[in-house]
2 protein chains.
Amino acid sequence: MSTAKDLKEAGLKTTLPRLRILSVLEGAKGHFTAEEVYKSLLDAGEEIAFATVYRVLTQFENAGLVLRHNFEGGRSVFELDDGQHHDHMVCVKCTTVTEFFDPLIEERQSAVAEEYGFKLEDHSLYMYGLCKNCQEA
Amino acid sequence: MSTAKDLKEAGLKTTLPRLRILSVLEGAKGHFTAEEVYKSLLDAGEEIAFATVYRVLTQFENAGLVLRHNFEGGRSVFELDDGQHHDHMVCVKCTTVTEFFDPLIEERQSAVAEEYGFKLEDHSLYMYGLCKNCQEA
DNA sequence: TTGATTGCAAAGAATTTGCACTGGG
DNA sequence: CCCAGTGCAAATTCTTTGCAATCAA
């Protein structure tokens, strides 16, 4: 669980908005758009400005606390960075995000990069389709 | 090479703007933002509206003539769809895009999807880093 | 002719920024 | 006390749309 400690280490002051945003990100779903974070706080009766949500998420991203994804559709999606790299499966119907990790895929990526003399810094693999639930429905 | 024939088959009238945009997409680099397409045409002395570039690219996308990518950085990148699926390596310095295809990666993606009961419709794999040239510089 | 296509300008959506006020350390 | 942090509104950036004029078939 992320705490004030993480904030301090990132050189960020421990403020209410930041703690609240952290606690939203820790929620069950794990993947949120800025709007979802904002609405979630409003629904919980918290006062917060939309701009602050964006600013804080961006600060968290720079501090390495949060990962930002650009799935299809234009909106950014944020998740807490637990240090465990993983890729994502996004349901095109219910927008649910499922994480996965495949060592072989990772390995092949490095191999391909090396083949091309490309210095790999980062990568993103998103798979789009229908999750189990949405297929049945 | 894409031609008026492709347009007709897609139910699109053969117009100058469309042909010009097609010819830009056929250019060497192969991957363009809407702005690059627009500027390329202006530089060539062609009259065209920015909105038309976007409209045409979107029509081409819907017609299956063009693929649209959302690399990091917010801007969409377009390329002609030659029917040969491939993934992309994007140089974070010079923004050059290199295509690659790895059967093993493709295979593992299907396997992972199946494991999760996920019906895979599409995927995007982008690798970010430094291309050969930019490492040397 | 006639509906498809364009150009232009204005609208939209997502995200960022300027600035004065507030608050954590 | 003092500067980081926040709220608010306005600005940016990328992309889409409405509408009247224009063009391909």
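Note: hydrogens, waters and symmetry copies are ignored here, and every other heavy atom, side chains too, is used. Per chain, numbering begins at 1; letters A, B, ... match sequence-line order.
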Give a yes/no answer on whether the side chain of [X] brings an N or O atom under 4.0 Å of OP1 or OP2 in [N].
X: A:Ser76; N: C:dA14; result: no
X: A:Thr58; N: C:dT16; result: yes
X: B:Tyr54; N: D:dT15; result: yes
X: A:Thr14; N: C:dG24; result: no
X: A:Thr15; N: D:dT6; result: yes
X: A:Arg55; N: D:dG5; result: no

Are A:Lys132 and A:Glu136 ion-paired here, with the side-chain N under 4.0 Å from a carboxylate O?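 No, no charged N to carboxylate O under 4.0 Å.
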On DNA chain D, check which nucleotide each of B:Lys8 and B:Phe50 is closest to and give me the residue with the more 5' one.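 It is B:Phe50, whose closest nucleotide lies nearer the 5' terminus.
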Find the distance B:Glu72:CD to D:dC14:P and express it as a whole number of Å.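 Result: 16 Å.
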Interatomic distance, B:Leu19 CG vs D:dC23 P [rounded to whole Å]: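 After rounding, the reported distance stands at 16 Å.
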Any luck finding a side-chain donor-acceptor pair between A:His69 and B:Glu72 under 3.5 Å?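 Not at all, the side chains of A:His69 and B:Glu72 share no donor-acceptor pair under 3.5 Å.
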Distance-only polar pair, side chains of B:His31 and B:Glu36, donor-acceptor under 3.5 Å: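 No pair is found: no donor N or O on one side chain lies under 3.5 Å from an acceptor on the other.
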Only one of B:Phe78, B:Phe50, B:Tyr54 passes ring pair (Phe, Tyr, Trp, His ring centres under 6.0 Å) with B:Tyr38; say which it is.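 By the ring pair (Phe, Tyr, Trp, His ring centres under 6.0 Å) criterion, B:Tyr38 pairs with just one of B:Phe78, B:Phe50, B:Tyr54: B:Phe50.
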Report the nucleotide, chosen from [options], that has the shortest atom-to-atom distance to any side-chain atom of [X].
X: A:Thr52; options: D:dT6, D:dG5, C:dC8; result: D:dT6
X: A:Lys13; options: C:dT17, C:dG23, C:dT6; result: C:dG23
X: B:Ala49; options: D:dC14, C:dC8, C:dT16; result: C:dC8

